[in-house]
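Below: the structure, in structure tokens.
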Protein chains: 2
Amino acid sequence: MKTIEQLLESKNIRVTAMRLLIYKFLAKKEVAVTLSDIENAFEKADRTTLYRTVKTFEEKAIVHQIDDGTGITKYALCEKGCNCEIETDLHLHFHCNNCNETICLTDHKIPQIKVPDGFVSENVNLVVKGICDKCSV
Amino acid sequence: MKTIEQLLESKNIRVTAMRLLIYKFLAKKEVAVTLSDIENAFEKADRTTLYRTVKTFEEKAIVHQIDDGTGITKYALCEKGCNCEIETDLHLHFHCNNCNETICLTDHKIPQIKVPDGFVSENVNLVVKGICDKCSV
DNA sequence: AAAACCAATGCAATGGAAGTGCATTTATTA
DNA sequence: TAATAAATGCACTTCCATTGCATTGGTTTT
Ligand SMILES: [Mn+2]
Ligand SMILES: [Mn+2]
Ligand SMILES: [Zn+2]
Ligand SMILES: [Zn+2]
């Protein structure tokens, strides 16, 4: 069980107060968040800092970006051992048309998609839209 | 074999010079296009007109919108008989990481995607990224 | 410990794309 | 032809993403 500090250091990211706070914020969220969400949670911090922190996390595979079709990019923590770059690791995402939230379905891996001859698949983005469990009761 | 005029009229869209031109432009393109692409092709026309024309086409199911993850929405003509609203009709899209173009794989339908209990799937967006046939030779 | 260094943060500005209000032109209908 | 409605054009706005540059703060070197 790694501490957050150890995790950051293992990826050559300097530990700062801001980074720890943002990491914890993402960790306690069970849904993907936008930059605005983070902004609202840390009103004293500058947008740019938050932006760059998330980008750093993204580069170092601490978070992954989610394009759920709303036009606003969202972010969520990577699972332990998740290597976002590897295709086989890709899970699907669910976007609720009711509460407008997006979540990772981390144990729903994307099935193998056939593409025509001559095409090479490197990566797949799969977003299911509908009604989430909280909204469908 | 319908003419473009007949197609537009059958969907209660008035035939105008601009609309015919944009339709033909989309028809001769084999890839999905952005609004900027259309702008560049019709520099004498106003952005707004092009924008609203595409939106009209979209509402009337003449084109469908494609979110390929680049952050810029693209559009492509619907196939004959294609009903974009119906889930079973949804085909997948391929985005080439090399030439940056996106194409409809109209005869590659999206497989049934399982979602966890309590979730209701209404719609699926599936984009495969990689190298297209033209770039992979 | 002080100086030098580099990364992190903050501030301001930019750019791109999407969208809207309103005036004007053009086509349709009465 | 006059009245009406839709299409187009222009200007402006909003929202999100991104960058340049100055400043702060922590680390390393002397
Ligand atoms: Mn995810
Ligand atoms: Mn398509
Ligand atoms: Zn919901
Ligand atoms: Zn290509």
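For the numbers below, each heavy atom of this structure counts, side chains included, while hydrogens, waters and symmetry mates do not. Here is the naming used below: chain letters follow the sequence lines, and residue numbers restart at 1 for every chain.
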Whole angstrom value for the distance that separates [atom2] of [N] from [atom1] of [X]:
X: A:Asp37; N: D:dC15; atom1: CG; atom2: C1'; value: 15 Å
X: A:Leu50; N: D:dT18; atom1: CG; atom2: P; value: 15 Å
X: B:Glu39; N: C:dG19; atom1: CD; atom2: C1'; value: 13 Å
X: A:Ile72; N: D:dA17; atom1: CD1; atom2: C1'; value: 12 Å
X: A:Arg47; N: C:dA8; atom1: CZ; atom2: C1'; value: 17 Å
X: A:Gln65; N: D:dC16; atom1: CD; atom2: P; value: 15 Å
X: A:Asp46; N: D:dT23; atom1: CG; atom2: P; value: 16 Å

Open item on the list: Between A:Ala45 and B:Gly71, which residue's closest nucleotide on DNA chain C lies nearer the 5′ terminus?
Closed with: A:Ala45
Open item on the list: Salt bridge check, B:Lys129 against A:Glu122: does any charged N sit closer than 4.0 Å to a carboxylate O?
Closed with: no
Task: Carboxylate-amine/guanidinium proximity below 4.0 Å for B:Glu30 and B:Lys134 - done: yes
Please determine whether a side-chain nitrogen or oxygen atom of [X] lies at a distance below 4.0 Å from atom OP1 or OP2 of [N].
X: B:Thr73; N: C:dA18; answer: yes
X: B:Tyr51; N: C:dG19; answer: yes
X: B:Thr49; N: D:dG9; answer: yes
X: B:Lys55; N: C:dA18; answer: no

Task: Minimal non-hydrogen separation, B:Val127 against B:Asp67, with atom names - done: CG2-O, 3.3 Å
Task: Minimal non-hydrogen separation, B:Asp133 against A:Asp117, with atom names - done: CB-O, 4.3 Å
Open item on the list: Under 4.0 Å, heavy atoms only, any strand: does A:Lys44 hit a base, just the sugar-phosphate, or nothing?
Closed with: nothing
Open item on the list: Before we go on, tell me: are the rings of B:His91 and B:His64 under 6.0 Å apart, centre to centre?
Closed with: yes
Open item on the list: Looking at A:Arg52 and C:dG10, is any side-chain donor or acceptor paired with a base atom of the opposite kind under 3.5 Å?
Closed with: yes
Open item on the list: Looking at A:Ser36 and D:dC16, is any side-chain donor or acceptor paired with a base atom of the opposite kind under 3.5 Å?
Closed with: no
TODO: For the residue pair A:His95 and A:Thr102, confirm or rule out a side-chain donor-acceptor distance under 3.5 Å.
DONE: yes
Task: B:Asp37 side chain to B:Val33 backbone, donor-acceptor under 3.5 Å - done: no
Task: Strand contacts (DNA chain D) in residues 5-35 of chain B, 4.0 angstrom heavy-atom criterion - done: B:Arg14, B:Thr16, B:Met18, B:Arg19
